[in-house]
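These notes concern the structure reproduced below.
Atoms within each ligand, like the ligands themselves, are counted from 1 in listed order. Computed from a predicted structure; not experimentally measured.
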Amino acid sequence: NRRIVLAQRPNGLPDKNTLRLETTDIPKVSSGQMLLRTVYLSLDPYMRGRMNDAKSYAEPVKIGDVMTGQVVAQVVSSDLDGFVPGDYVLSGSGWQDYAISDGTEVINLGQPPQNPSWSLGILGMPGYTAYAGLLKIGDPKPGDTVVVAAASGPVGATVGQIAKIKGCRVVGIAGGADKCAHVTDRLGFDACIDHTSDNFAEHLNAACPDGIDVYFENVGGKVLYAVLPLLNEFARMPVCGVVSWYNLAGLPDGPDYGPAIMGTILRMKVKVQGFIIFDSFPQSTYKDFVRDMTGWLADGNVQYKEQIIQGLEAAPAALNDLLVGKNFGKMVVKVG
Ligand code: NDP
């Protein structure tokens, strides 16, 4: 049984001392438990936050503990009603080959589901994040201009495609020409601006001739600063993530953007609302998501791209890639 534990809290981007691969015996199952073998491990930006010993919506991972993470696993043996060997399940088992579970917060996906790994992405947490954040906070109206960064990733790609379904003009922001081509050609956004290009802010301005009505905040940083002057009166800003700042060890040097941010919110009467997907929306919104997303996928109205990484030992480097934008699509590790 291989497992990856948090060895040391990182200062900035995680390095080779942050995570450690260990080998242990396969855990023994007691009564009222089941043994799970991980098939796919999801890699997500929030994992960087769990490495910090800081107050957040979730407890930090303790030093020496297995890194937290959602997985799709297969039941190996079970002493639990409702779970039989071979079942695929969605579980929070973390970065390891095998885990013991008493069934708490484990969802049975059956044997075998059509696309097991999709439960970690488009049909799971990131997909639901996009759906609820955009529709419940962003409140997009037909004809609105919607802007979203990390546009080729699971959240941003889904935000933009749902906004298109709702009749909006959608402008994505992504890092590099390949990602931008994917965002417009495959995902059907109206435009995509490369944030690594010279004059990024001018390009964004040109792509939003009617200003911005919904800015779905995924990244913060220079993207946010370029968006601010383009926001229309009564614009909505669901604050989903600020990944460009997750590796900051403290406040950065440079100009103080506080006045620009708060001044814009005030003058343009912008509605800004943060949310954490686990507890910000009622259960009925989740049910609506499953119904709508299943339908859109079946009809081909929503496209989904994954990047599959081979092997648990490759997960630490892959997480770093994700944090600096070297991923392309939803990052999932094929573990076993
Ligand atoms: P992605 O797979 O899209 O990966 C993150 C992407 O962020 C990178 O691929 C990169 O895309 C972009 N990025 C990284 N650094 C920068 C930078 N300095 N400037 C601009 N873009 C950057 O991630 P997800 O779709 O899984 O998540 C997107 C956001 O949603 C994250 O902030 C995440 O924390 C948040 N989130 C929030 C949840 C909530 O409950 N509030 C739940 C789930 C996700 P590119 O190369 O295109 O710039």
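Here is the list of ligand 1 atoms found below 4.0 Å of a heavy atom in Ile276: 40 (O). Listed by number with element, the atoms of ligand 1 under 4.0 Å from a non-hydrogen atom of Gly153 are 2 (O), 3 (O), 25 (O). In summary, the atoms of ligand 1 found under 4.0 Å from a heavy atom of Phe275, numbered by their order in the structure, are 39 (C), 40 (O), 41 (N). Those atoms of ligand 1 that come under 4.0 Å of a heavy atom in Lys179, given as number and element, are 9 (O), 11 (O), 45 (P), 46 (O), 47 (O). For ligand 1, the atoms lying closer than 4.0 Å to a non-hydrogen atom of Val242 are 32 (O).
Not less than 6.0 angstrom separates the ring centroid of Tyr131 from the ring centroid of Tyr286.
For Gln74 (side chain) and Gly86 (main-chain N/O), a donor-acceptor pair under 3.5 Å exists by modelled atom type. With Gln111 contributing its side chain and Tyr88 its backbone, the two residues share no donor-acceptor pair below 3.5 Å.
Salt bridge annotation for Asp144-Arg236: present, with a cationic side-chain nitrogen under 4.0 angstrom from a carboxylate oxygen. Salt bridge Arg2/Glu22: absent, no basic N to carboxylate O contact under 4.0 Å. A salt bridge does not link Asp65 to Arg3: none of the charged side-chain nitrogens sits closer than 4.0 Å to a carboxylate oxygen.
Within the 4.0 Å heavy-atom shell around ligand 1 one does not find Val239. Within the structure, the closest approach of Gly221 to ligand 1 does not fall below 4.0 Å when heavy atoms are considered. Using a 4.0 Å heavy-atom cutoff, Tyr246 is listed among the residues neighbouring ligand 1. Under a 4.0 angstrom heavy-atom cut-off, Ala149 registers as lying outside contact with ligand 1. Within the 4.0 Å heavy-atom shell around ligand 1 one does not find Lys330. At least one heavy atom of Leu323 sits less than 4.0 Å from an atom of ligand 1.
Among all protein heavy atoms, the one lying closest to atom 47 (O) of ligand 1 is Gly175 N, 2.8 Å. In terms of protein heavy-atom proximity, atom 17 (C) of ligand 1 is nearest to Ser244 CB, 3.4 Å. Remark: minimum distance from atom 26 (O) of ligand 1 to any protein heavy atom is reached at Pro45 CD, 3.4 Å. For atom 13 (N) of ligand 1, the closest non-hydrogen atom on the protein side is Val243 CG1, 3.8 Å. Looking only at heavy atoms of the protein, atom 9 (O) of ligand 1 is closest to Asn327 OD1, 2.4 Å. Annotation: atom 42 (C) of ligand 1 to nearest protein heavy atom, Thr129 OG1, 3.3 Å. Looking from atom 36 (N) of ligand 1 to the surrounding protein, the closest heavy atom is Cys240 SG, 3.5 Å. Nearest protein neighbour of atom 5 (C) of ligand 1, counting heavy atoms only, is Leu322 O, 3.8 Å.
The list of salt bridge (charged side-chain N to carboxylate O under 4.0 Å, His left out) pairs with a residue in residues 269-288, not counting sequence neighbours, reads Glu233-Lys269, Asp288-Arg291.
Not one N or O of Ser152 is nearer than 3.5 Å to an N or O of ligand 1, by distance alone.
Contact annotation: the side chain of Met51 approaches that of Leu6 to within less than 4.5 Å [non-hydrogen atoms, C-beta and beyond]. Residues Pro60 and Asn52 are not in side-chain contact: their nearest non-hydrogen atoms beyond the backbone lie 4.5 Å or more apart. Thr158 places a side-chain heavy atom less than 4.5 Å from the side chain of Met293.
Contact annotation for Ala174 and ligand 1: heavy atoms of both the backbone and the side chain come within less than 4.0 Å of the ligand. With a 4.0 Å heavy-atom cut-off, ligand 1 is reached by the backbone of Ile277 and by its side chain too. Under 4.0 Å from ligand 1, the heavy atoms of His195 that appear belong solely to its side chain.
Below 30°, between 30° and 60°, or above 60°: for Tyr225 and Tyr257 the angle between ring planes is below 30°, a parallel geometry.
By the 6.0 Å contact criterion, NZ on Lys305 is enclosed, its count of non-hydrogen atoms from other residues, nucleotides or ligands being greater than 12. Atom CG of Asp79 has more than 12 neighbouring heavy atoms from other residues, nucleotides or ligands inside a 6.0 Å radius.
The residue among Lys305, Lys222, Gln307, Met125 with a heavy atom at the shortest distance from atom 43 (C) of ligand 1 is Met125.
Among the candidates Val242, Val147, Val272, the single residue satisfying the side-chain contact (heavy atoms from CB on, under 4.5 Å) test with Glu217 is Val242.
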